[in-house]
Amino acid sequence: MKDGISMGLREKCRIVNFADLGDERGKLVVIEGRQDIPFDIKRVFYIYGSDATVVRGQHANRESEFVLINVAGTSKVRITDGDEEFIVELNKPMMGVYLPKMIWKDMYDFSPDSVLLVLASTHYDGKEYIRNYDEYLEIMGVK
Ligand code: TYD
């Protein structure tokens, strides 16, 4: 809450720009849990070999927070809370998008060289996933 007005989706799911510690030898990006992003990192996974026809994600998580970064190539993330919606193009290794709990996301439009790195605040637990959009809308009270 900010000034009694609830935060918009873009404020909740903010773009994070990481510092580039690169020099003439090349680029270096560092992401420290609780310093550069709002959580301690418990899990890292990355998605590659998806192409422009694939839609991934299509779920919300009751417990996990994430930061998504295309460390190579590009992809898009459609982000919604069932009410508002916006799309982020992840197209540089120094930029990520933070997703708090209970946000629905679809990742798509993967370039052939896309490597989508995901930092997560939790260990994997399939039970915390909501994979049915109607159920998600009901939980969010928008249905
Ligand atoms: P899935 O959630 O469908 O991936 P995406 O979010 O990219 O669409 O996960 C694919 C499979 O991998 C599924 O069987 C669950 C498993 N998995 C794990 O075991 N641990 C993990 O951390 C993740 C993200 C997935």
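Both ligands and their constituent atoms are indexed starting at 1 by order of listing.
When distances from atom 7 (O) of ligand 1 to the protein are checked, a heavy atom turns up under 4.0 Å. Checking atom 11 (C) of ligand 1 against the protein gives no heavy-atom contact under 4.0 Å. The nearest protein heavy atom to atom 19 (O) of ligand 1 is closer than 4.0 Å.
Tracing side-chain contacts under 4.5 Å through hydrophobic residues (I, L, V, M, F, W, Y), one never reaches Val88 starting from Val16; they form parts of separate clusters.
Aromatic ring centroids of Tyr129 and Tyr124 lie under 6.0 Å apart.
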| request: For Asn91 and Lys76, run side-chain hydrogen bond (donor to acceptor under 3.5 Å, both in side chains): C-alpha distance rounded to whole Å, both residues' side-chain angles, the deciding distance at 0.1 Å, then the answer. | output: CA-CA 9 Å; Asn91 55 13; Lys76 293 195 181 100; over 6 Å; no

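Interatomic distance, CD1 of Ile31 versus CD1 of Ile69, reported as 3.5 Å (0.5 Å rounding). Within the model, atoms CZ of Arg14 and CG of Leu9 stand 12.5 Å from one another, a figure rounded to the nearest 0.5 Å.
If you check which protein heavy atom lies closest to atom 4 (O) of ligand 1, you get Arg56 NH2, 3.4 Å. The closest protein non-hydrogen atom to atom 3 (O) of ligand 1 is Arg131 NH1, 3.7 Å. In this structure, atom 13 (C) of ligand 1 lies nearest to the protein heavy atom Tyr124 OH, 4.4 Å.
The distance from ligand 1 to the heavy atoms of His59 drops below 4.0 Å at these ligand atoms: 2 (O), 5 (P), 6 (O). When each atom of ligand 1 is checked for a heavy atom of Phe45 under 4.0 Å away, the hits are 24 (C).
The proximity of Arg43 to ligand 1, defined as any non-hydrogen pair under 4.0 Å, is limited to the side chain. Contact annotation: for Ile47 versus ligand 1, heavy atoms closer than 4.0 Å belong to the side chain alone.
Taking the six-membered ring where tryptophan is involved, the planes of Phe39 and Tyr98 are tilted, since the angle between them lies from 30° to 60°. Between Phe66 and Phe45, the angle of the ring planes goes over 60°, which puts this pair in the perpendicular group of the 30/60° scheme.
An N or O contact shorter than 3.5 Å links Gly57 to ligand 1 by distance.
Remark: Glu85 engages Arg78 in a salt bridge (Lys or Arg N to Asp or Glu O under 4.0 Å) (not counting sequence neighbours).
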